[in-house]
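Below: one structure, written as structure tokens.
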Amino acid sequence: GGQKQTDNQSEQQSQSQTQSEQSQSNDKEPIKIGHEVALTGDASMWGQSEENALQMEIEKINAAGGVNGRPLKLISYDNRADSIEAVNVAKRLIEQDKVVAIIGPAQSGVANAISSVTEEAKVPFIATTATNPLVTVPKEGQLRKYAFRTCFIDPFQGTVAAQFAYYRLNAKKAAILYDVGSDYSAWLAKYFEDAFKEMKGEIVGKEAFRSGELDYRAMLGKIKQANPDVIFIPTAQKEAALAAKQARDLGIKATLMGGDNWGSPDLITLGGSAVEGGYFVNLASMEDPDIQDFIKEYKAKFNADPVLPNPVMAIDALYMLVDAIKRAGTTDGPALADALENTSNLKVLTGILTIDPSTHNPLNKPAIIQQVKDGKFIYVEKYVTK
Amino acid sequence: MEYIYGVISVIGIEIIATVGLSVFTGFTGLFSLGHAAFMAIGAYTAAILTYFYNVPFILALLAGMLMSALVSFVIGFPTLRAKLRGDYFAIATLGFGEAIRVILENLSITQGARGLPGISHFTTLPVVAIFSVIVVWMTRNFILSKFGRNAIAVREDAVAAEMAGIDIFRVRMLSLVYSAACGGLAGGLFAHYLNFIQPAMFTSILSTQLTSAVVAGGMGSLTGPIIAISFFIAVPEVLRVANMWRLVAYGLILVLIMIYRPSGIMGYHELSFASFKNLFNRKAANQSAGGRRM
Amino acid sequence: MFLQTLITGLSIGGIYALMAVGYSLVFSILNFSNFAHGTIIMLGAYIGYFLISSFKLGFPFSFIGAIVGAALLALINVRLAYSPLINRKAPPLYLMITAMGVSIFLENMVYVTVGSHFYSFPEIFKQSTIKFFGSDISPLDLFALIFSFIAIFALHLFLTRTKMGTAIRAASYDMTVASLNGVNMNKLIGIVFILAGAFGGLAGVFLGVKYMVYPTMGWITNKAYIAAVIGGLGSLPGAVIGGVILGVLETFVSVYVSSVIRDVFSFSLVILFLVILPAGLLGKYLEEKV
Amino acid sequence: MSLLELKNVTKCFGGIVAVKDLSFSLNDGEIAGLIGPNGAGKTTVFNLITGVYKVTEGIILFEGKDINKCDPVSIVRGGIARTFQNIRLFNKLSVMENIKTVLFREANYNFAQVLMKTPKVVKMERHLTERSMEYLKVVGLEQYANFRADSLPYGLQRKLEIARALALKPKLLLLDEPAAGMNPEESLALVDLIRYIKEQYNLTIILIEHHMDVVMELCPRIIVINFGELLIDGSKEKVQSDERVLKAYLGEEYANVAGN
Amino acid sequence: MLLEIKDINVFYGKIHALKNVSLQVAKGEIVTIVGANGAGKSTLMWTLAGVLKARDGSIIYKDRPLPSFAHDVAASGIILVPERRRLYANLTVRENLIMGAFLRNDINEVKKDLEFIYGLFPILKERSNQYAGTLSGGEQQMAAIARGLMSRPEILLLDEPSLGLSPLYTSEVFKTIRQIRDKGTTILLAEQNAHKALEMANRAYVLETGRIVLSGTGRELLANPAVQEAYLGVRHKVI
Ligand SMILES: Nc1ncnc2c1ncn2[C@@H]1O[C@H](COP(=O)(O)OP(=O)(O)OP(=O)(O)O)[C@@H](O)[C@H]1O
Ligand SMILES: Nc1ncnc2c1ncn2[C@@H]1O[C@H](COP(=O)(O)OP(=O)(O)OP(=O)(O)O)[C@@H](O)[C@H]1O
Ligand SMILES: [Mg+2]
Ligand SMILES: [Mg+2]
């Protein structure tokens, strides 16, 4: 199982550390970086891949002499993508392990949850795929000093999806099925709705279900009645696949669309023929020329494809953090946060990263549109909003 | 060290909820699968008051207790009036717990499923310690009074209790309100300990844990459930490094307790100075031994 | 629209009913709510899935394999975890808590060993629908509905028409006396759990095919439990009626009221229902004679 | 004035008529036997008087007040206590606590005082313990005070049930087969006990019993019912020699014994 | 001897309920046990039925040790009619009787026995579709005895069968006990109604606080002044 694997990983890691102990820089106190990651639970597939990628990258950095002459040490705890667990993990990372910063978490809800802890402790975190705007800006005109991220945000993603549906798919009537229990889903639904309406498109149905529910036929039945051109389903892949199947069971023929959470092989294995032809917005793509080296390296080391986009987003975060530590010259929280805030034109895995100091969000992150075709994800285009 | 204080704080908070529930489940004999809802109500009430309205912490906690107590009438009044039997009452509370959660997910003041981050950190270890000692002490007083005896009488034989002039509905309602208030207090403390709450924290899993602690600790004992809940929280924390295995262990431990301590860790007894004395006092031990007559 | 809603409700209700049967069976003899039943359902689904996808056994054999496997698991469950308590005449509540422990244990065992991946059965019936007065119904739903009802009916005959059935009801009241009448309690309980497990396996496969297979899928059995209560715990026809009522009710609430507050609505109705009919629809509320 | 009066009381369970047009009344301080064949409706009469069942027809007056509409709790509080044909104790409580529980109305402290454990509560509790001990002494159970109720032998459980009923300070005490499961010797000791408590506490008693020696010893007046209907209501001599009673209830054998 | 009990000790936790009890039951006998409340009569009965276990000593039935599970004991022909009835309150009277015949497969004979029972206790016939839990106390006692008879035992253990029965039915039941003994069923009887029980006993034992203190034929014990004083209520009658 998954846990075993990571345990071995850290064993290997500590072994490689002991080996290099005598040599040069590594005799210094390591810089501890926390990692909030879902190693078990629904999101573990990405979590484990993310964990692997970070360990791989940190080994490389340490082999090259570390940061400011000190090695990096990654301390990862499983948060099961569960908010309460994540808060515990954050407390433990900060209070007991005394990490300088935290990479992760991946989910917006989880990131929101831990922000109370990190703000109070003055320890920055860099979320990986938490796309909800509230993670860094909880209220209009308010900024969380210690919250950062390396991914684009949902209003952008929602707009991309809406514009793509309207202009490229020629959809005039759209329906939405989302998960009220998930921040990600609820807000993305809202951004899509706003953007679609703005283009004079019509939202003919907006239905919600609660996290953990499996049967959406009642809501889909209602949507079917409204006869939409596309159905936007901004949920996790499991729900999306189920919704797709059930929609087809009810004889719904509309095109299905989703957000970055669709980007999992599970969507296809679970959804089968029902998700064929669906489109979704993603953060990264295996076809992205910028990350081919990383993919090769990862494959060589772990004998599997990385599960995108989390690994690349986490590596971006790691680069961003390393860069900030170097520039700040200290690991002190407030100074580190200042340095992170002023990240600009930093070369990271997915391109060039600049952080907007007023929102702590990256500027100009492009989105990638993918489609399910013949049981595979294919790259459709890199989309920039109108 | 801070981390350990944290774990101890959580244990203290859960002890408050568990002790409250043990009045209802252990001593009054009704089974609740929705007690997390009372914690949720207490947590949200208190948190909203301190967060949006800057109400002093203690007042907010009291308001949380009051709110939970009030809401307990909503579920308690119809179901206890109808004298629902064990499992049916349990299912009603399960439904109630879920319903409360859905409501919290859909109110704007609670910020929906997203939850309330940024709650102030008022719940420190001394605060928890003081509250849990007070609650345990009060609960003990409750149990050892006529109110407690009436509750046990209702648990043992409702018909006979009624024929002894005991108003079953009132007795059950009082227990429910008391345990709901304890739940509300625990919730309020919890919110100000974790600094963040969301509806998903208060699922039937949490209710289950509380109830398991009461039963595993011993129905009709206060110390038993206290030991059990401490165990349930501490063990996973100790085993945290072993990750997923800790839940496996938790399940296994629960089953083993039930198998090897068939009437809970403490059964119908209390861990106290007196019970240590009883160890040396054959007669007292004999008196309480033995189960049902054939 | 109305018909479509009704059909959807029926097919959801059918699955609830199938799961509720397992609860009711165990309740009918041991008077406790076996919360581990959901886990048995989940394991049944896994067995079915692995038989069909890893061992390539084909649907009918995997189907039978899942039923047999789940039945065996249920038997092991009762022998290891419940029997010691039953033999000690522990009150039903203790069994209920033990069942919760079992379910936490098994569910997390699955996490640790198999992992948290979701699996989906290969498509047995290609995505297609059958038209029915202008509404659509999927062949799978139709198959599951008919098959479940036949199975439940057969079980009902077994319980009401045989000596074994009477013994089960007798034992649920007083096991000691049942053994005085020559009933081998261990055997009887074993049979009941095998039956409940088999129905769990059946439900698991249907659930897996209909939705997907993952460690926490047992949780939706909460709904089945509610269905069993509505129908009257311990009554099989009650379980079926309860399942169908709940399924249809939920669907109608989602469509005509709101899908988000559906659960609040259904739960409130359940509570209201219980207040009016304290033993559920077909449950027997035995007033003790004083 | 009569303490208890049943007027044309009928009780049906579905098709079964358990009590049929039954009338009798009982004076203050009386002790009456209620006998009749198995299934005659004796226990049902008790259940009707105590409010467990509601009458189908007729009225029941207690101290001139109609208690038909009252719930069991207020009936008990009004002064009617009973024991059960199948013993119903609070099994997991001690013998002492069984009594203490029903004395709850004597403890005039409130919930807030309990939580704070004020001196008043402590004092009241001590008082209750003393009071319970008094009752236990009456039935001779004082040395069992700390035993769990369900570990007592059957006969002692009966006595505890009587003590518990007494602790409710009733005016009317209903005893449902108190001598069941006792041998003749023990039954006679029970007779002494009942006589004693009747005098001591000024009780009016109705006694259901199949042990005729007990009934004859205790009850100058006997009410016989059969198939829910009143068969005869009169002095024990009258009842003892009544043909119908002998035939329906006592049997020929008893007739011989009585004849001797 | 059909049943031979030697020096058994039975405990409830720490309570020593039966102390070195030995007794014998021969085929076709009525064996009566008398004793005060709490003497241990029921404990003995439950032990012989295989529900309680003797800590030491031996119980030999038909030259073999008593089976260790209650259902096997039942299958071997020893049936207990427990004290205080213990009917299946959730089953109808008829179903209770059918449960008595659980081990039997001779359907026609079972039907005959059912008719015999209904003849014996006509009220049970009237109440055959009523839930046993709602029967009157005496009706329940009849049903319990009837359920025991339905299994056609070799040894019938009757624990206070007259409990709650009217005098008329008490004599009926005793008559029936004699009848079935005459048909070859062996009977072990624990009774408070000591007079009658001793009168018809072939063999009798007196149990006092867990010990056998006297034994003999029924007549012998009836004539014994100690027994008369302790169990027959003679003292009071004299005064
Ligand atoms: N379940 C039990 N737990 C503890 N003690 C018990 C239990 N059952 C019986 N006893 C004790 O064992 C002793 C024998 O009891 P038993 O019921 O066998 O007496 P008995 O002769 O049948 O009395 P009775 O005439 O009242 O039926 C008594 O002292 C009783 O208190
Ligand atoms: N709840 C009930 N439902 C149906 N029938 C009942 C119910 N309660 C009592 N009966 C019937 O009513 C009749 C009278 O019962 P009751 O218990 O009053 O008899 P009893 O005179 O006390 O007899 P016993 O001396 O045997 O205890 C019985 O035939 C019984 O079967
Ligand atoms: Mg009666
Ligand atoms: Mg006995």
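A note on names: the letters A, B, ... follow the listed sequences, proteins ahead of strands, and every chain is numbered from 1. Since we're looking at a predicted model, the values are computed, not measured.
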Quiz item: Relative to chain D, which of E:Ser166, E:Gly138, E:Ala194 shows the most heavy atom pairs under 4.5 Å?
Solution: E:Ser166
Practice problem: Answer yes or no: does atom NZ of D:Lys247 have more than 12 heavy-atom neighbours from other residues, nucleotides or ligands under 6.0 Å? | Solution: no
Exercise. Any side-chain hydrogen bond (donor to acceptor under 3.5 Å, both in side chains) involving residues 91-100 of chain E? Give me the pairs, sequence neighbours left out, ordered by first then second residue.
Key: C:Arg169-E:Glu95, E:Thr92-E:Glu95, E:Asn96-E:Arg147
Quiz item: Given that the side chain runs from C-beta out, which part of E:Ala39 has a heavy atom under 4.5 Å from chain D: side chain, backbone, both or neither?
Solution: neither
Exercise. Select one option (side chain, backbone, both, neither) describing which atoms of E:Ile123 are under 4.5 Å from chain D's heavy atoms.
Key: side chain
Practice problem: Go through the atoms of E:Glu160 and report whether side chain, backbone, both or neither lie under 4.5 Å from a heavy atom of chain D. | Solution: side chain
Quiz item: Is the NZ atom of D:Lys11 crowded by more than 12 outside heavy atoms at less than 6.0 Å?
Solution: yes
Quiz item: So with a 6.0 Å cut-off around CD of D:Glu243, is the heavy-atom count from everything else above 12?
Solution: no
Quiz item: Can you name the nearest heavy-atom pair linking E:Gln192 to D:Met182, along with the distance?
Solution: CB-O, 3.5 Å
Exercise. Ignoring hydrogens and angles, tell me if any N or O in the side chain of D:Asn38 forms a donor-acceptor pair with the backbone of E:Tyr169 under 3.5 Å.
Key: no
Quiz item: Which answer fits E:Gln130, side chain, backbone, both or neither, if we ask what part of it has an atom under 4.5 Å from a heavy atom of chain D?
Solution: side chain
Practice problem: Kindly check if the number of other-residue, nucleotide or ligand heavy atoms within 6.0 Å of CZ (D:Phe227) is above 12? | Solution: no
Quiz item: For E:Gly164, does its backbone N or O pair with a side-chain atom of D:His210 as donor and acceptor, under 3.5 Å?
Solution: yes
Quiz item: Hey, are the side chains of E:Arg127 and D:Ile16 touching, using non-hydrogen atoms and a 4.5 Å cut-off?
Solution: yes
Quiz item: Contact part of D:Ile208 toward chain E, heavy-atom cut-off under 4.5 Å: side chain, backbone, both or neither?
Solution: neither
Exercise. Kindly determine whether E:Leu163 and D:Glu177 satisfy side-chain contact (heavy atoms from CB on, under 4.5 Å), including the steps that lead there.
Key: CA-CA 10 Å; E:Leu163 188 87; D:Glu177 296 194 28; over 6 Å; no
Self-check item: Residues in ring pair (Phe, Tyr, Trp, His ring centres under 6.0 Å) contact with E:His16, at least two apart in sequence or another chain
Solution: E:Phe11
Quiz item: Would you find a donor on one side and an acceptor on the other, under 3.5 Å apart, between the side chain of E:Ser136 and the backbone of D:Gly39?
Solution: yes
Quiz item: Heavy-atom distance under 4.5 Å to chain E: side chain of D:Lys42, backbone, both or neither?
Solution: neither
Quiz item: Are there more than 12 heavy atoms of other residues, nucleotides or ligands under 6.0 Å from atom CZ of E:Phe174?
Solution: yes
Quiz item: Is the number of heavy atoms from other residues, nucleotides or ligands within 6.0 Å of CD (D:Glu237) greater than 12?
Solution: yes
Quiz item: Got a sec: does the NZ of E:Lys19 have more than 12 other heavy atoms crowding it under 6.0 Å?
Solution: yes
